[in-house]
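Quick notes on the structure that follows.
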2 protein chains.
Amino acid sequence: MNNESLKGHLDFLLLSVLANGAAHGYAVIESLRQQSGGHFDLPEGTIYPALHRLEAQDLLKSYWQENAPRRRRVYELTSKGQKVLAQRREEWQAFSKAVNATAGI
Amino acid sequence: MNNESLKGHLDFLLLSVLANGAAHGYAVIESLRQQSGGHFDLPEGTIYPALHRLEAQDLLKSYWQENAPRRRRVYELTSKGQKVLAQRREEWQAFSKAVNATAGI
DNA sequence: TCTTGACACATAGTATTACAAGGCTTAGAA
DNA sequence: TTCTAAGCCTTGTAATACTATGTGTCAAGA
């Protein structure tokens, strides 16, 4: 939420959300909020730069959606993004397991 | 490890380790390595500043250990530190639960 | 003896990051 | 018309873990 705990995990979350299907930035924010049970209510200044970063790393590709009531840039996973997502998933599980073990949980 | 995933969680780990008993910096590094199954092998440049930070926040107190073969600064939890640890523990559990829910784990 | 490595502490500087704060546009409701 | 939500963007900032480097002690081996 309002602390530093998200750092280093945001990319994993974004890739996870987009693994459910292509979506534009505002929808990603919505999905994050809903799927996390309201825990991740992230500002646009967090999401948009992160999406740009992931696209620059070839983990996402994007296009302007035509025939939409408002202009929307839609993002979707690349094949590289899918591989990296699988990797990030394992890293997250190893990380959380290690934290739990250290904390006696 | 070598990425940013630790950010915001290191304090929780340090408090957790010291909840098992007072220890000096080098021993904290050892405990972190062992309790995490080798996952957290953190350099001294990470640990010492973090311990100082926690002490500055009154979550730890420290003293130079006398009659030791080498000079050691021993850290232990304050009562405030214990309370904050319990709080951090809940935050971690809520956070990891939210990540898992978002990622479909 | 000399050297290597483990033990033990410390700090200055760096890169990365999430976020705050602001700005822009458009559609639909009040 | 006015307002709000949708939708995108960027600049600057604070916090953080880490790299690199320095200090010194001690034990063991070459």
Side-chain angles (χ1 to χ4, degrees), chain A residues 1-15 22-34 36 39-57 59-60 62-75 88 91 95 98-99 102, chain B residues 1-15 22-34 36 39-57 59-60 62-75 88 91 95 98-99 102:
Chain A
M1 284 290 305
N2 48 356
N3 50 23
E4 304 274 313
S5 60
L6 198 59
K7 284 199 175 154
H9 304 288
L10 178 60
D11 292 1
F12 172 48
L13 294 175
L14 293 180
L15 294 175
H24 63 283
Y26 217 78
V28 167
I29 293 177
E30 267 299 314
S31 294
L32 268 176
R33 183 163 39 222
Q34 292 181 359
S36 70
H39 194 88
F40 296 130
D41 190 8
L42 304 181
E44 301 156 76
T46 294
I47 299 299
Y48 290 113
L51 290 173
H52 300 163
R53 197 170 59 219
L54 291 174
E55 186 171 19
Q57 296 168 359
L59 308 185
L60 301 180
S62 73
Y63 52 90
W64 285 103
Q65 189 179 42
E66 308 297 337
N67 65 8
R70 288 178 190 80
R71 65 179 201 142
R72 292 172 165 177
R73 180 170 281 276
V74 177
Y75 294 87
R88 288 275 195 285
E91 287 172 5
F95 174 77
V99 171
T102 304
Chain B
M1 286 284 303
N2 47 352
N3 49 22
E4 304 274 312
S5 60
L6 198 59
K7 281 194 177 160
H9 304 287
L10 178 60
D11 292 2
F12 172 47
L13 293 176
L14 293 179
L15 294 175
H24 63 283
Y26 216 79
V28 168
I29 293 177
E30 267 299 314
S31 295
L32 268 176
R33 184 161 41 219
Q34 292 183 358
S36 70
H39 194 88
F40 296 130
D41 190 7
L42 305 181
E44 298 155 79
T46 295
I47 298 301
Y48 290 113
L51 290 173
H52 299 163
R53 196 172 59 220
L54 291 173
E55 186 171 21
Q57 295 168 359
L59 308 185
L60 301 181
S62 72
Y63 52 90
W64 285 103
Q65 189 179 42
E66 308 296 338
N67 65 6
R70 288 178 190 80
R71 64 178 202 144
R72 293 169 163 179
R73 181 170 280 277
V74 176
Y75 294 87
R88 289 276 196 286
E91 287 172 4
F95 174 78
V99 171
T102 304

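All figures in this text were calculated on a predicted structure; none of them were measured in a lab. These values consider heavy atoms only, across backbone and side chains, with no hydrogens, waters or symmetry-generated copies. All chains are named by letter (A, B, ...) in the order of the sequence lines, taking the proteins before the strands, and each is independently numbered beginning at 1.
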Intermediate values then yes/no, side chain to side chain contact (heavy atoms under 4.5 Å, CB included), L6(B) and L42(B): CA-CA 10 Å; L6(B) 198 59; L42(B) 305 181; 3.8 Å; yes
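T46(A) has no side-chain polar atom (N or O) that falls below the 4.0 Å cut-off from OP1 or OP2 of dA18(C). An OP1 or OP2 oxygen of dA15(D) is reached within less than 4.0 angstrom by no side-chain nitrogen or oxygen of R53(B). The phosphate of dC9(D) has neither OP1 nor OP2 within less than 4.0 Å of any side-chain N or O from Y48(A).
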Donor-acceptor list for residues 46-56 of chain B side chains, cut-off 3.5 Å, not counting sequence neighbours:
| residue | atom | partner | partner atom | Å |
| --- | --- | --- | --- | --- |
| H52(B) | ND1 | Y48(B) | O | 3.4 |
| R53(B) | NH2 | D11(B) | OD1 | 2.9 |
| E55(B) | OE1 | S62(B) | OG | 3.3 |
| E55(B) | OE2 | S62(B) | N | 3.2 |
| E55(B) | OE2 | S62(B) | OG | 2.7 |

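Each of dT10(D), dT16(D), dT17(C) was ranked by its minimum atom distance to the side chain of E4(B); first place goes to dT17(C).
In this structure, CG of D41(B) is placed 13 Å from C1' of dC18(D), rounded to the nearest angstrom. Between the P atom of dA15(D) and the CG atom of L6(B) lies a distance of 18 Å, rounded to the nearest Å. For the pair Y26(A) OH and dC9(D) P, the interatomic distance rounds to 14 Å; values are reported in whole Å. As rounded to whole Å, 14 Å separates atom P of dA6(C) from atom CD1 of I29(B). When the P atom of dC8(D) is taken as reference, atom NE2 of H52(A) falls 9 Å away, rounded to whole Å. Q65(B) places its CD atom 18 Å from the P atom of dT25(D), with the value rounded to the nearest Å. The distance between atom CG of D11(B) and atom C1' of dA15(D), rounded to the nearest whole Å, is 11 Å. Computed from coordinates, the H24(B) NE2 to dC9(C) C1' distance equals 10 Å when rounded to whole Å.
With axes fitted over five pairs at each extremity, the angle between the ends of the helix from dT1(C)-dA30(D) to dA30(C)-dT1(D) is 0° (10° resolution).
Residues H9(B) and S5(A) approach most closely at NE2-O, 2.9 Å, considering heavy atoms. The shortest non-hydrogen separation linking R88(B) to F12(B) is CB-CD1, 3.7 Å.
The base of dT16(C) lies outside donor-acceptor range of the side chain of K7(A), with no N or O pair under 3.5 Å.
The CG atom of L14(B) sits 10.0 Å away from atom OG1 of T102(A), with the distance rounded to the nearest 0.5 Å. Distance check: R72(A) CZ to H24(A) NE2 gives 4.0 Å after rounding to the nearest 0.5 Å. Remark: D41(A) CG to Q34(A) CD distance equals 11.0 Å, nearest 0.5 Å.
Each of G25(A) and L10(B) was matched to the nucleotide of DNA chain D holding its nearest heavy atom; the match closer to the 5' end belongs to G25(A).
Between F95(A) and F40(B), the ring-plane angle classifies as perpendicular under the 30° and 60° cut-offs.
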Could I get a table of every N or O pair under 3.5 Å where one atom is in the protein and the other is in nucleotides 21-30 of chain C?
none

